[in-house]
Structure formats: structure tokens, C-alpha cells
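Structure, as C-alpha cells:
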Number of protein chains: 2
Amino acid sequence: MGRNKTTIRDIAKALNITASTVSRALNNHPGISEATRKAVEATAKKLHYRPNHIAAALRNGRSNIIGVLVPSADKSIFPSVIRGIEDEVNRLGYSVIVGQTYENSAREAKAIDTMLKTRVDGIIVSIAKDTNVFEHLTRIRAEGIPLVLFDNTVSDLGVSIIKNDDFHGAYLATEHLILGGRKKIVHLIGPRTSEIYRERLRGYTVALSRYGLHADPNLLVDCPSDVQAGQSVVQELINKGVSFDAIFSSSDYAALGAIQQLKANNISVPQEVSIVGFGNAPFTSYLDPAISTVDQNGLQMGQCAARVFLEQIKQGDNYIIRQHILQPQLIIRASSP
Amino acid sequence: MGRNKTTIRDIAKALNITASTVSRALNNHPGISEATRKAVEATAKKLHYRPNHIAAALRNGRSNIIGVLVPSADKSIFPSVIRGIEDEVNRLGYSVIVGQTYENSAREAKAIDTMLKTRVDGIIVSIAKDTNVFEHLTRIRAEGIPLVLFDNTVSDLGVSIIKNDDFHGAYLATEHLILGGRKKIVHLIGPRTSEIYRERLRGYTVALSRYGLHADPNLLVDCPSDVQAGQSVVQELINKGVSFDAIFSSSDYAALGAIQQLKANNISVPQEVSIVGFGNAPFTSYLDPAISTVDQNGLQMGQCAARVFLEQIKQGDNYIIRQHILQPQLIIRASSP
DNA sequence: TTGTATGCGTTATCAT
DNA sequence: ATGATAACGCATACAA
């Protein structure tokens, strides 16, 4: 079956013309006769020619590859984001390289380094929760590579950002619980190293104070974003005898764990304790009771990030730094009627 | 600042040596004095040198990029598979390009074409359900590019395959229902164009006949893999007055829809109708009742595919064609006690 | 409209 | 242990 080793030179040879002409014909340059173009296309097909993107990339300085770096390709909104980005850039002829950080700053730096070596045309990143020094990110910009941050971002890097309005989402969730008559609202705080969770905490706090409730420190609990943590944290609250009538969890997983643990203690949801999660994970709508939550549209976020990136590519050096704050939506379900 | 334009020539110039020496030093070739190696490394760092993978790829004929093609990056087991593959190949220095087919054969062919143009070192594919002609896949092998199929595969292409034993999974699920005393077991059949679903159907059928039950055609229903379809198909069965005491669904989503519709008709699960799904989607364990299902470990599948791929790369032309059949696990939960 | 010449950055081969 | 040279495949500036 002979591997495809056909190059533009082979086509040129077959037609007694030069490689340049073939190149131009293939790329629809102006100033190529219709005849030769047809001929080139015909023999290209006949010889099973396949353009070599690598060679073109070296020559052009553009790889038509973009890097997408996420904590984990199978968690949270990231699958949707990856999908959204791929959807969007694919039609413009870009390929997407996916890297994973596992929320680890060192791996993040290494992945970025690899992408830079691969000469990606741009990088779209959700920063690892672990990361608190940003030299590897600033370097991207310093080298003139478009950089777009989404989801977990930092504001003071001078780069485009797409994020959810976590503050507002948390505010809405908390307000909803307050308006439902709840007064002792626990907040399960996510990792504070991440702006996302600090914003959710802020939304919670501000909502409380707007409604004249003070934030009881006993109701503020740090809690990793997983089911087990939700369980144990709630059990601890119960053991300590802390009294509460609602939980606003910074993650759906912790919210689920909380519900399970409440059930295990024969505390009824939502009658005795209302619950709102965050993230609109697929399972939340299927549960009984279905969990109220704050939706963050991953697909939309990916698409938005991709569009900002594409604009940046197009504009070149004097691109506009965008700050897209996507408005999350409070989804009210049975866990907080 | 200043964009990184440093090449090995710049390093060479700075040290009054040649590019070849620099290249060798950087790549830890034997026959380079420790002194020059140190010197090269030092100035490389000083000049912020970053190797150009694109140039190396052109020169070497290897891009260190592999293509992973899935129906959709955010559905089913694919996020896990992508993660598993990336996990596995990343440490060997490969980057992963993700492409999506949306179960569409034409897009599949196009995505493969793009990957080939990008000169990926190999392609790992879950075939689109839509696909029934395989010329674009055989072409990959014809050009000497390693190809590995997973999940939705075809056996007669002479390439390595990683798949779940869908037959066995379905057999176990059906057997479990039979042993639970059920005799009128509905099967929700997935798209028959896909081998996966044909195998699940076969597992169902064989299990029935082994236990002396005959497959009632009224209980065999074609049903797309989504919640809505599960609902409407079950409603239809009820409307037609078909009598059944269990459902084995070829997908968790249809199983969920089925449960919801049964509840809506005041039919109790699992008392009146037992249910087993397929796929072990995250939500199945969180539901009430939690759905029994057949687990197909996406992460493991991805890792396995990656390893087979890496072996193939390593072996070169005379690689061994692997057929890994991963044994799925029946997970019994409340929906089928 | 087409040809000539050159270089993108790297590495392998052959020489020294 | 290091240098010189060529080549990977393509696309452009310049010439004709």
C-alpha cells in the first residue's frame, strides 16, 4: 500500500512545473491559471497527496494547534469546555491539544512548557487550584502567544478572562435560601486558594448581610469538593450540636454528601434543612430530592473562550483584553423548595 | 520580554561552536564532553532557549502527537477515556489531539484526514455509530500509521482493539434479573448499527435461552440512549398493555427515563419492575433507587488503548495485533435487589 | 503566469 | 569530541 510520501515536488515533477507553482495552486493563490490549478488538483488526488501541516507550520510559524489546559479532562465542567472549544475552533481549521494539571502547579508549568515547545498558536487555561505563582503564565504572553483564562482565573495578569460570576451565583443561592425562611445557613467553603471559592464565599456573606443576617462563624466550614467530605463535614456539625436549617454548598458533590449524611441522621431534606449546591452536575437533576444548584454552562464557557481566543489571533498584537463574566443561573429543585 | 526566537544556532554562536554540537549536547548524545554539555545547557537557559518540536518533527518524521477521536468529548465514557490516554502517553512525551465526530461518519473521515495532515504518530478511535464503511480507517493503516480502536470497534479491520465484553455484561445483567425471579424482561436495544448494542442484545438473548426463557418480541424495543427515549418507550409499552416485570436497558440514560416513567405510572421499582442499566454513568449511584448497571471503566479503557498504542509504536512494522476484551462488572444496586 | 532561490529549526551523516 | 553539510516539506520574495 505504500505510505504516502507524496510531496508538492512529486506533483510538480509529474506536471513538469515547479514546486512553487504547485504550492500556489494548492493554496488558491491569485495569479495561477485555471488550467494548472485543475491539473495540480487532479494529480494531487491521483498521487494521494496529503499536505504536511508540520512542514507548513515550520515555514509559517503557525501550527494551527491550540493548547487547552484543564485540571482533569473528565471532571466538572471540563469535558464540556473541551467540547465547546473544539466545536468552535475546529471549523476554523485548528486542532486542540488537551493537557491536564491535576490541580498541580508544577504539572501546569510543565504542560505549558510542552505546549510552547509544540509551538501552539495559543493556550486556553483553567488555572490549577494549587497555583499561586504565575510566572509560567506570564511567560506565555511574554512570548507573544495568545493566552485566555477561563473558570479558575486570576484578574491581574492582563489577559482575557472568561469566568462565571461566582459571586452572583452564590448570592442568588443564599438569597433563595433566606427568602425561603432559612436563617441559619451553613456554607461549605471550597479550597480558598481558588478565587472561585472565595467569590462564592463572598456572595454568601454579602447576601446574608443584605438581609440583616450575620455570618455565624460556626456555620462556615471548609470542605473539599467531594461527596465524602460533604458527609463528614455535616456529621461533624451534627456532632458538635451546631444548629442549622440550610446548607449552601460550594460544590454539588459536597451537597450530595451532605444530603446523604442528613438522611442518615434522619434529618429531612428540605423540610428541616434546605440545600443548594453549585455546578449543576448532571446527577443533581436525577436525585431524589433533586438538588437545587447554580448552573455554570461549561459548553458556553468553552465556546466563549474559543471565540475570545480566535479574536485575539485575528487582531494580532493589539488585541483587546476581554473580561467575559457569564451569568450563572440558579436552578431551583426539590432540595430547597 | 522579547519573544523567544532563540535557536540552537544562537547558542552555538554564543559559544563559538556549531549547531550540531549544541543539538547533540541538548539531546544527551554520547561523545560530547561534559564541559561543552554544561556550557550548552547554561547558555540555553540564559538565552531562554526552547526547543522547537515542529522543526524536530519535520526532521524526524515523528511529531510526538497522537490523535484521539471520539464521538463527543463530553459524553459517556469518553471524558474518562481521554483522560486515561493523556495520563498514559503524557509521561512518554506525547501530546494528545482530541477530535470529535458527533457520531457522524463524514466528520470522522474529515477529522482523521486532519490528523493525518498534522502527521500524528498514531490514532486512537472510537468509531462513530453512523459509520458503516471503513475506507478512511483502513487508509490510516495503509499509510503506516498505528491505529487502535476502542469501545465501538470493528473486528475485521486487522487492527488492535480494546473493547468491553458487551455480550458478557449484558448476559450478566440479564441473568441477574432472571435469578431475581423475573420472567418478562424488556430489553431496550440501542442503535443496531453499532456492534456494541448488537452484542448487548445478543447477551440478553443468550441469557434468556440458557435459562429456558424465550425472547418475547413484544419485550424487545429499539430505544435511543437518552432519558426521553426511555420515558416514551416505557409509556408506549404501558399503553399497549404489554406485561413485564423487569427492564434491561442498553443505556443508563434510557434506564433512568424508564424509572421516571414507571414512577409516573405508579409502578414501583424494583418491587413491580426491576431495572438494570448499562454504563455506570456517575448519576446512577446517586439516584433513589440507585440503578443497577454494568460498569465499563473508561479510564481503564483509555489506559489500555494507550498502552497498546505505545507498544505498537515501539514494535514498528511487525507489531502484534491486540484484542483486549475488558470484562465489565455488574454493579447491583437498589433498582434490582 | 510561472520559475529560482532561500530559509523555517532541527538532526543525521559524513568527515575531521 | 566537534564541524560541515544536507535534508525534512513547504511557502514566500524576487525575478523573469
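Just so it is clear, the values below take in all heavy atoms, side chains as well, and ignore hydrogens, waters and symmetry mates. Quantities reported herein were computed from a predicted structural model and do not represent experimental measurements.
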Applying side chain to side chain contact (heavy atoms under 4.5 Å, CB included), run through A:His136 and A:Arg139 and close with a yes or a no. CA-CA 5 Å; A:His136 55 293; A:Arg139 195 168 45 199; 3.7 Å; yes
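- Within the 3.5 Å criterion, the main-chain N or O of B:Ile66 finds no donor-acceptor partner in the side chain of B:Asp121.
- In this structure, the side chains of A:Asn297 and A:Leu326 stay at 4.5 Å or more apart for every pair of heavy atoms.
- At least one donor-acceptor pair closer than 3.5 Å links the side chain of A:Thr6 to the backbone N or O of A:Leu47.
- No side-chain heavy atom of A:Thr101 sits under 4.5 Å from any side-chain heavy atom of A:Val125.
- Following rounding to the nearest Å, A:Lys5 (NZ) and D:dC8 (P) show an atom-to-atom distance of 10 Å.
- Residues A:Asn132 and A:Thr193 form no side-chain contact, since every pair of their non-hydrogen atoms from C-beta on lies 4.5 Å or further apart.
- Across all strands shown, B:Asn16 has heavy atoms under 4.0 Å from sugar-phosphate atoms exclusively, and none from any base.
- If you take CD1 of B:Ile8 and P of D:dA4, they are 14 Å apart, rounded to a whole angstrom.
- Nucleotides of DNA chain D nearest to B:Ile32 and B:Asn60 differ in position, and the one nearer the 5' end is that of B:Ile32.
- Among the protein residues, B:Ile17 comes within range of the sugar-phosphate backbone only, with heavy atoms under 4.0 Å from sugar or phosphate atoms but none that close to a base.
- Rounded to an integer number of Å, the gap from CZ of B:Arg59 to C1' of D:dA6 is 8 Å.
- At D:dT2, one or more side-chain N or O atoms of B:Ser33 fall inside 4.0 Å of OP1 or OP2 (strictly under the cut-off).
- Taking atom CG on A:Asn52 and atom C1' on D:dA11, their separation rounds to 13 Å, with Å as the unit.
- Considering only heavy atoms from C-beta on, B:Arg141 comes within 4.5 Å of B:Val159 through its side chain.
- Within 4.0 Å (heavy atoms only), A:Ser20 reaches at least one base atom of the nucleic acid.
- B:Arg62 places its CZ atom 15 Å from the P atom of D:dG9, with the value rounded to the nearest Å.
- Protein chain A contacts DNA chain C over a range whose 5' and 3' limits, counting nucleotides with an atom under 4.0 angstrom from a non-hydrogen atom, are C:dT1 to C:dG9.
- One atom, NE2 of A:His53, and another, C1' of D:dC8, lie 17 Å apart when rounded to the nearest Å.
- Side chains of B:Ser20 and B:Ser23: a donor-acceptor N/O pair is absent below 3.5 angstrom, by distance only.
- Atom NZ in B:Lys13 sits roughly 14 Å away from atom P in D:dG3 (whole-Å rounding).
- Looking at B:Phe134 and B:Ile127, their side chains come closer than 4.5 Å, going by heavy atoms from C-beta outward.
- Of the residues in residues 22-29 of chain B, B:Arg24 come within less than 4.0 Å of DNA chain D through at least one heavy atom, sorted by number.
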